Amino acid sequence: MNSCITGLQWGDEGKGKVVDVLAEHSDIVVRYSGGANAGHTVVVGDSTFALHLLPSGSVRPNTICVIGNGVVVDPDILEMEIDKLAQRNITLTSRLLISENAHVVLDYHKKEDQLREDSLGQNKIGTTIRGIGPCYADKVGRSYAIRMADLRDIEKLKSQLRNIVEYKNKIFAALYNAEPISADQIFEKCKCYADKFLPFTTDTTEFLHKSIVDGKSILFEGAQGCLLDLDHGTFPFVTSSNASPLGMPAGCGVPSKMVDKFLGVAKAYTTRVGAGPFPTEQDNEIGQYIREQGGEYGTTTGRPRRCGWFDAVAVSYAVTIGAIDSIALMHLDTLAGLKEIKICRAYKINGKETTFFPANTTKLSQTECVYETLPGWEEDLTEVNDFSDLPLNARNYICQIEELTKKPVTIIGVGPKRNQTIFRQ
Ligand code: IMP
């Protein structure tokens, strides 16, 4: 059984926890897109692990972890993550594979990300400054890209880096009046990356196809969420990769035909970090309540997340483009204590009602939300482990989401820990 797990909103839906929980029954977990902009949190007992590049199966000692070709790898962060796990006696030495075709995020990417965002002022995207956009731009541009495989030929890499850095420095000086960076310094770092990561670097596509033939069970783990997808999200306020399940085949070389189940992860409300349209945003005491109750601060950047009501129009769109079979609804416990809870069931754009999400920034900014209002509940849900033990209003809330999205909610999160999960099938 192979499953693909992706976010149905603007990221931070709780994919890390879902992947970790389901990894118990999987042999392999594959990250297929994004980079260290992601922040996947896994809680095991009293320990919290914040993962950025490593698949969320990493904390399970027998799970093989694959970083696919669609990921942009920041070796500094990867090294930090591996070391942090090692400090907790979790070792990846014999079970981490990195695609030789994955592109490498280097210091000039992060510098470019920062300079560009600073120069955009009011119009900035609000990126994580992890160099994601510039690295993917180099991938598409081809001439100035470095892949993991390039670490194998260190002499060739030296001259590649000289050319690239010369080019980047011209841009830094001309557009931003910024200090140049040193090719030699980056080269020295790359030599260390080669020592550290080449033993893990391989043809992961071949490995995955062999594993499928051998009957292994694979989880494909998306990063960010469908609404941040470069092609199908709220462009330009998106990330630079195909964060929806549409990015999975290209991001790891396994066709979606080989995936048995597409599970979408959504929060019981909506959050967003960075700029961009957010029709159900509650920039008021409701949003503040959700932020504090849900600890809605970025795992990667610490930024407070924008919070709002569940948007069934947006989630239904993500369900459609991702061919989602079922939904994992996370953070249901966060909503306890609200007298009333709203769900956006349609948008009104220029007086016309629609239930199809327009992934178009102009249209979205003209959107008026049509809400359904449901009664809330007071009860603490964090100890509930059976659907039938949830308060009636919480059950009704879930049923309403199922009705609007036309998909079953099969997993419900009522807290960060593994055992704070309700399974319905
Ligand atoms: P970038 O991916 O760093 O280029 O950022 C582009 C946009 O995607 C910004 O609005 C970020 O806040 C958002 N973003 C990137 N990664 C994540 C994530 O893991 N969770 C939520 N938002 C993200």
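Being a predicted model, the structure only gives us computed values, none of them experimental.
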Within-4.5 Å side-chain heavy-atom neighbours: [X] and [Y]:
X: Y317; Y: T355; result: no
X: F356; Y: Y347; result: no
X: I82; Y: L54; result: yes

Test your reading of the model: is there a side-chain donor-acceptor pair from [X] to the backbone of [Y], 3.5 Å cut-off?
X: N37; Y: G35; result: yes
X: K17; Y: Q420; result: yes
X: D20; Y: V42; result: no
X: N2; Y: D260; result: no
X: S58; Y: P55; result: yes
X: E13; Y: G11; result: yes
X: T202; Y: T204; result: no
X: Q366; Y: I349; result: no
X: D214; Y: K216; result: no
X: D229; Y: D231; result: yes

Which atoms form the tightest heavy-atom contact between [X] and [Y], and what is the distance?
X: P279; Y: L364; value: CG-CD2, 3.8 Å
X: I77; Y: A36; value: CD1-CB, 3.6 Å
X: G222; Y: T6; value: CA-CG2, 4.1 Å
X: T127; Y: E117; value: N-OE1, 2.8 Å
X: A194; Y: I154; value: CB-CD1, 4.2 Å
X: Q185; Y: S182; value: N-OG, 3.0 Å

Answer with yes or no whether the side chains of [Y] and [X] bring together a donor and an acceptor at under 3.5 Å.
X: K261; Y: S326; value: yes
X: Y193; Y: D76; value: yes
X: H331; Y: Q293; value: no
X: Q114; Y: D118; value: yes
X: E221; Y: S56; value: yes
X: T234; Y: R272; value: yes
X: K267; Y: T271; value: yes
X: T128; Y: R130; value: no

For the pair [X] and [Y], find out whether any cationic side-chain nitrogen is under 4.0 Å from an anionic carboxylate oxygen.
X: R162; Y: E166; value: no
X: D74; Y: K110; value: yes
X: R306; Y: E281; value: yes
X: K348; Y: E368; value: no
X: E372; Y: R345; value: yes
X: E81; Y: K84; value: no

For the atom pair [atom1] ([X]) and [atom2] ([Y]), what is the distance rounded to the nearest 0.5 Å?
X: I125; Y: R116; atom1: CD1; atom2: CZ; answer: 7.5 Å
X: S3; Y: L219; atom1: OG; atom2: CG; answer: 5.5 Å
X: T48; Y: L51; atom1: OG1; atom2: CG; answer: 11.0 Å
X: S159; Y: F187; atom1: OG; atom2: CZ; answer: 9.5 Å
X: K15; Y: T41; atom1: NZ; atom2: OG1; answer: 10.0 Å
X: T239; Y: L227; atom1: OG1; atom2: CG; answer: 13.0 Å

Residue among I327, V265, D311 satisfying side chain to side chain contact (heavy atoms under 4.5 Å, CB included) with L8: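 Only one of I327, V265, D311 forms a side chain to side chain contact (heavy atoms under 4.5 Å, CB included) with L8, namely I327.
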Over 12 foreign heavy atoms within 6.0 Å of CD, E179: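 Atom CD in E179 is not packed in, count stays at 12 or less.
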Atom CG of N177 with >12 non-hydrogen neighbours under 6.0 angstrom: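 No, because the 6.0 Å sphere around CG of N177 holds 12 heavy atoms or fewer from other groups.
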Which pairs of donor and acceptor atoms, one on a side chain in residues 61-70, lie under 3.5 Å apart (sequence neighbours left out)?
from: N69; atom 1: OD1; to: C252; atom 2: N; distance (Å): 3.4
from: N69; atom 1: ND2; to: A250; atom 2: O; distance (Å): 2.8

Y297 six-ring face occupied by R303 cation (under 6.0 Å, within 45°):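 Relative to the ring axis of Y297, which defines the angle, R303 lies outside at least one limit.
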Side chain to side chain donor-acceptor pair (under 3.5 Å) partners of residues 134-153, not counting sequence neighbours, each pair once: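 Qualifying pairs, neighbours excluded: E100-R152, N101-R147, H109-D138, D138-K168.
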Worked verdict on W309 versus Y269 for ring-ring contact (aromatic ring centres under 6.0 Å, His included): CA-CA 5 Å; W309 298 121; Y269 45 93; 9.2 Å; no
Verdict with reasoning, D107 to I181, per side-chain contact (heavy atoms from CB on, under 4.5 Å): CA-CA 9 Å; D107 286 344; I181 46 167; 5.8 Å; no
All pairs passing ring-ring contact (aromatic ring centres under 6.0 Å, His included) where residues 211-248 contributes a residue, at least two apart: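 For residues 211-248, and leaving out neighbouring residues, there are no ring-ring contact (aromatic ring centres under 6.0 Å, His included) pairs at all.
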Audit row: E188, K191, salt bridge (charged side-chain N to carboxylate O under 4.0 Å, His left out) steps and yes/no: CA-CA 5 Å; E188 287 308 313; K191 284 205 292 196; 3.5 Å; yes
Aromatic ring pairing Y397/F310, orientation class (parallel under 30°, perpendicular over 60°, tilted between):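 Y397 vs F310 ring planes: perpendicular.
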